[in-house]
**Student:** 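Below you'll find the structure I mean.
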Amino acid sequence: MRHLLTLDDWTPELIEATLELASEIKRVPDQFANAMQRRTLLMIFEKPSLRTRLSFETGMTRMGGHAIYYDTSTSPMGAGKESLHDTAKTFSRYVDVVMARLFKHSDIEELAQHATVPIINALTDLAHPCQILADLLTIREKKGDLRGLKLAYLGDSNNNVTHSLMIGCSMVGMSVAIGCPDGAAYAPQPEVVQIAQRWAKAAGTEVNITSDAHAAARDADIVYTDSWMSYHIPKAQLQERVELFTPYQVNQAIMADAASDAIFMNCLPAMRGYEQTAGVIDGPQSVVFDQAENRLHAQNAVMVKLVEAATNNAA
Ligand code: CP
Ligand code: NVA
């Protein structure tokens with residue numbers, strides 16, 4: 001059974017084919033109006049969401065299918081009354097595909113281990129692959145060929161979006177520079193760095209991590225940041241994190257280090273005056289709402305690919 005738990009579960013060829021399909025779905029949506037006819041998507045949420053819930057649910061509607069929103073706070077699983085094993089065995093008898101937004105990455109791995117339908121990671125503390133497929137689609141639209149581009153990511157880097165960007169970009173031939181404070185608590189996890197560096201070596205590109213925000217941003221084609229206060233970070237850490245991450249804020253000076261035609265990205269939600277200034281996110285280089293829209297098209301392509309693979313598997 002093929003799932004999407006992290007991008008390196010997939011091959012670069014499958015990622016490229018999915019981006020191609022996403023562009024096609026975006027260009028001629030009517031041709032995919034029945035692609036999910038009589039199919040049901042289960043959407044399991046342990047954390048909040050605007051984009052992920054709306055884009056998956058709308059995506060199913062547009063392709064002729066149905067989506068069920070399932071909040072774990074009102075579920076036997078969330079109440080500790082039902083195991084992940086039994087939950088996965090049960091939902092596999094009803095639905096065709098599942099997306100889950102969970103805290104622990106090991107929980108989504110356990111669901112996938114016992115499910116007989118495809119599981120899509122819609123964000124765990126470790127990874128956010130759907131976001132990065134949408135980002136790559138957006139970058140392709142703005143810049144053309146992905147190969148040879150440099151993406152700079154600044155800010156909290158012990159972070160799901162950072163991890164998936166490092167892996168996704170290096171799989172498709174892009175270089176990545178991370179600018180973050182020193183120390184394991186704020187830097188990408190070492191296993192992720194190793195995976196990204198392996199892909200980068202194969203592609204002849206680079207993955208660099210530095211505490212110098214300006215060095216990271218230098219000549220970048222894309223400047224990317226994410227929240228300093230991810231959903232799983234306790235509110236009590238706000239002050240400490242603002243002090244730590246302020247040198248990594250994306251502002252006009254950082255954008256001036258990047259290429260003159262660089263684009264600015266943020267997966268959203270964003271806080272103006274924190275991880276970026278209002279001038280940057282609301283300015284002409286920002287593509288954040290194109291990014292948000294592309295969640296819909298990229299995920300539709302993911303669902304088509306996974307359901308197709310599962311159907312062929314069963315045949
Ligand atoms: N970017 C993203 O996943 O947004 P939500 O948390 O609103 O789903
Ligand atoms: N890193 C952020 C991404 C939100 C889409 C978080 O986990 O909250």
Side-chain angles (χ1 to χ4, degrees), residues 4-7 22 41 43-60 67 69-73 98-105 107-108 120-139 151 153-168 178-181 185-189 192 222 224-238 241-242 244-245 248-250 264-272 274-276 281 286-300 302-303:
L4 176 59
L5 304 190
T6 79
L7 288 171
L41 166 73
M43 308 191 299
I44 305 176
F45 280 93
E46 215 172 43
K47 303 188 191 189
S49 168
L50 171 64
R51 281 143 291 271
T52 302
R53 175 175 178 188
L54 269 54
S55 57
F56 266 106
E57 191 163 338
T58 305
M60 262 329 236
Y69 175 70
Y70 192 65
D71 174 355
T72 59
S73 70
V98 175
M99 61 118 288
R101 167 166 285 196
L102 306 178
F103 287 94
K104 284 164 61 185
H105 192 76
D107 284 353
I108 201 165
I120 301 169
N121 179 356
L123 184 149
T124 58
D125 291 358
L126 182 74
H128 196 2
C130 292
Q131 179 65 53
I132 278 53
L133 290 173
D135 298 341
L136 294 176
L137 181 63
T138 311
I139 297 168
L151 180 141
Y153 174 94
L154 300 186
D156 180 15
S157 300
N158 182 0
N159 177 295
N160 39 27
V161 169
T162 324
H163 291 154
S164 294
L165 274 172
M166 290 172 74
I167 293 175
I178 306 292
C180 62
Y186 310 107
Q189 294 183 15
V192 174
I222 301 108
Y224 199 122
T225 189
D226 183 16
S227 173
W228 294 343
M229 290 298 292
S230 284
Y231 293 127
H232 62 283
I233 307 287
K235 283 196 175 60
Q237 288 186 20
L238 177 64
R241 292 172 79 87
V242 168
L244 254 159
F245 292 127
Y248 301 90
Q249 180 190 64
V250 180
F264 169 75
M265 302 181 83
N266 182 327
C267 58
L268 306 178
M271 285 175 75
R272 288 161 177 76
Y274 287 76
E275 71 273 5
Q276 71 285 288
I281 195 168
S286 174
V287 299
V288 298
F289 297 113
D290 295 325
Q291 241 184 300
E293 177 187 334
N294 280 338
R295 291 292 302 277
L296 174 63
H297 310 300
Q299 288 157 190
N300 279 1
V302 168
M303 291 193 284

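Both counts, for ligands and for their atoms, begin at 1 and track the order of listing. For the numbers below, each heavy atom of this structure counts, side chains included, while hydrogens, waters and symmetry mates do not. Remember, it's a predicted structure, so these values are computed and weren't measured experimentally.
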**Student:** Which atoms of ligand 1 sit under 4.0 Å from any heavy atom of Y231?
**Tutor:** 5 (P), 6 (O), 7 (O)

**Student:** So is L123 polar-close to ligand 1, meaning N/O to N/O under 3.5 Å?
**Tutor:** no

**Student:** If we set the cut-off at 4.0 Å for heavy atoms, which region of Q131 has an atom near ligand 1: side chain, backbone, both, or neither?
**Tutor:** side chain

**Student:** Only one of H297, Q299, E293, Q291 forms a side chain to side chain donor-acceptor pair (under 3.5 Å) with R295, so which one is it?
**Tutor:** Q299

**Student:** Within the protein, flag every N or O under 3.5 Å from an N or O of ligand 2, and note the pair and distance.
**Tutor:**
| from | atom 1 | to | atom 2 | distance (Å) |
| --- | --- | --- | --- | --- |
| ligand 2 | 1 (N) | N159 | ND2 | 3.4 |
| ligand 2 | 1 (N) | N160 | OD1 | 2.8 |
| ligand 2 | 1 (N) | D226 | OD2 | 2.6 |
| ligand 2 | 1 (N) | S230 | OG | 2.7 |
| ligand 2 | 7 (O) | N160 | ND2 | 2.8 |
| ligand 2 | 7 (O) | S230 | OG | 3.4 |
| ligand 2 | 8 (O) | Y231 | N | 2.8 |

**Student:** What residue among D107, L102, I108 forms side chain to side chain contact (heavy atoms under 4.5 Å, CB included) with K104?
**Tutor:** D107

**Student:** Identify the protein heavy atom lying closest to atom 4 (O) of ligand 1, giving its residue, its atom name and the separation to 0.1 Å.
**Tutor:** R51 NE, 2.8 Å

**Student:** Do D71 and S73 get their side chains close enough for a donor-acceptor pair, meaning under 3.5 Å?
**Tutor:** yes

**Student:** Check this for me - ligand 1, C267, N or O atoms closer than 3.5 angstrom, yes or no?
**Tutor:** yes

**Student:** Can you tell which part of K47 has a heavy atom less than 4.0 Å from ligand 1: side chain, backbone, both or neither?
**Tutor:** neither

**Student:** Taking the six-membered ring for Trp, are the ring centroids of F45 and Y69 within less than 6.0 Å of each other?
**Tutor:** yes

**Student:** Evaluate the side-chain proximity of F103 to T124: yes if any heavy-atom separation is below 4.5 Å, no if none is.
**Tutor:** no

**Student:** Please identify which atoms of ligand 1 are closer than 4.0 Å to at least one heavy atom of L50.
**Tutor:** 5 (P), 7 (O), 8 (O)

**Student:** Taking it one step at a time, do F245 and Y186 satisfy ring pair (Phe, Tyr, Trp, His ring centres under 6.0 Å)?
**Tutor:** CA-CA 9 Å; F245 292 127; Y186 310 107; 5.5 Å; yes

**Student:** With the side chain counted from C-beta on, respond yes when R51 and C267 share a heavy-atom pair under 4.5 Å apart, and no when they do not.
**Tutor:** no

**Student:** Note the single closest protein heavy atom to atom 2 (C) of ligand 1, along with its residue, its atom name and the distance in Å.
**Tutor:** R295 NH1, 3.3 Å

**Student:** Before we go on, tell me: are the rings of Y224 and F264 under 6.0 Å apart, centre to centre?
**Tutor:** no

**Student:** Charged N to carboxylate O below 4.0 Å: is that the case for D156 and R241?
**Tutor:** yes

**Student:** So, regarding H128 and ligand 1 (criterion: nitrogen or oxygen to nitrogen or oxygen, under 3.5 Å), is there a contact or not?
**Tutor:** yes

**Student:** Determine whether L296 and T58 make a side-chain contact, defined as any pair of heavy atoms from C-beta on separated by less than 4.5 Å.
**Tutor:** yes

